[in-house]
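Read the structure below first, then the notes.
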Amino acid sequence: MALIQPESVTGKTLIAKKTVKLVRLPDDSAPAIYTVTAGNSIGIVEGFISPKAGRNATLYWQFIDENNKYYYVKHEIGAFDITGLQVQGVKTLEQQQAELEKANETIPDKIQNFLIYAGAALAGFILLRDYLKK
């Protein structure tokens with residue numbers, strides 16, 4: 001399961017991976033105003049509403065319709081196209097961590113990694129050369 005920070009989704013188009021219901025209030029008891037089916041755009045994310053006791057048990061994605069009215073979609077695991085978000089530049093927490101580790105790599109670390117790969121390539125070349133001589 002890909003974990004994504006909600007802040008990174010703001011300004012991106014959210015695509016439904018399964019049928020989702022749109023509501024006017026970020027409240028678990030709010031009635032649906034519209035249903036978006038799988039593969040269709042829900043809209044451009046304007047923000048999100050974090051869970052709040054007594055109101056909503058989960059995060060809600062916030063959008064603005066053509067009449068400048070807010071609407072919301074309850075976040076559910078598996079309900080949204082993560083690949084579509086990644087195409088728009090959203091990175092998972094794992095990708096962010098890997099980039100951070102690579103950016104924090106010291107010069108000796110880089111030299112060590114280069115020598116490991118160069119040594120493996122040289123060993124492979126020597127084995128291939130010896131094999132072709134036979």
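The figures here come from the full heavy-atom set of this structure, side chains too, leaving out hydrogens, waters and symmetry mates.
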Is a side-chain donor or acceptor of Gln88 paired with a backbone partner of Thr13 at a separation under 3.5 angstrom? yes

For Asp81 and Thr83, indicate whether the former's side chain and the latter's backbone hold a donor-acceptor pair under 3.5 Å. yes

Looking at side-chain heavy atoms only, is the closest gap between Lys17 and Phe80 below 4.5 Å? no

Taking only residues two or more places apart in sequence, or in another chain, which ones meet Lys18 in a salt bridge (Lys or Arg N to Asp or Glu O under 4.0 Å)?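 Scan of Lys18 (salt bridge (Lys or Arg N to Asp or Glu O under 4.0 Å), adjacent residues dropped) gives Glu76.
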
Of all residues at least two apart in sequence or in a different chain, which pass the salt bridge (Lys or Arg N to Asp or Glu O under 4.0 Å) check with Lys74? Asp28

So, using side-chain contact (heavy atoms from CB on, under 4.5 Å) as the criterion, who are the partners of Val23 when residues are at least two apart?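 Expected list: Ala30, Tyr60, Tyr72.
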
In this structure, would [X] and [Y] fall into the same cluster of hydrophobic residues linked by side-chain contacts under 4.5 Å?
X     : Y     : answer
Tyr70 : Phe63 : no
Ile15 : Ile42 : no
Ile49 : Val9  : no

Determine the interplanar angle of the His75 and Trp61 rings, folded into 0 to 90°, and report it as parallel if under 30°, tilted if 30 to 60°, perpendicular if over 60°. perpendicular

Strictly by side chain to side chain donor-acceptor pair (under 3.5 Å), give each pair with a member in residues 32-52 just once, sequence neighbours left out. Thr37-Asn40

Linking Ile, Leu, Val, Met, Phe, Trp and Tyr by side-chain heavy atoms under 4.5 Å, what else ends up with Leu127?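 Members other than Leu127 - counting any ILVMFWY side chain reachable under 4.5 Å - there are none.
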
Start with the C-alpha distance between Val73 and Leu14, add both sets of side-chain angles, then the distance that settles side chain to side chain contact (heavy atoms under 4.5 Å, CB included), and finish with yes or no. CA-CA 10 Å; Val73 172; Leu14 199 57; 5.6 Å; no

Residue Lys12 excluded, over 12 heavy atoms near NZ under 6.0 Å: yes

Name all residues meeting the ring pair (Phe, Tyr, Trp, His ring centres under 6.0 Å) criterion together with Phe48; count only those two or more places apart in sequence or in a different chain, and write none if there are none. none

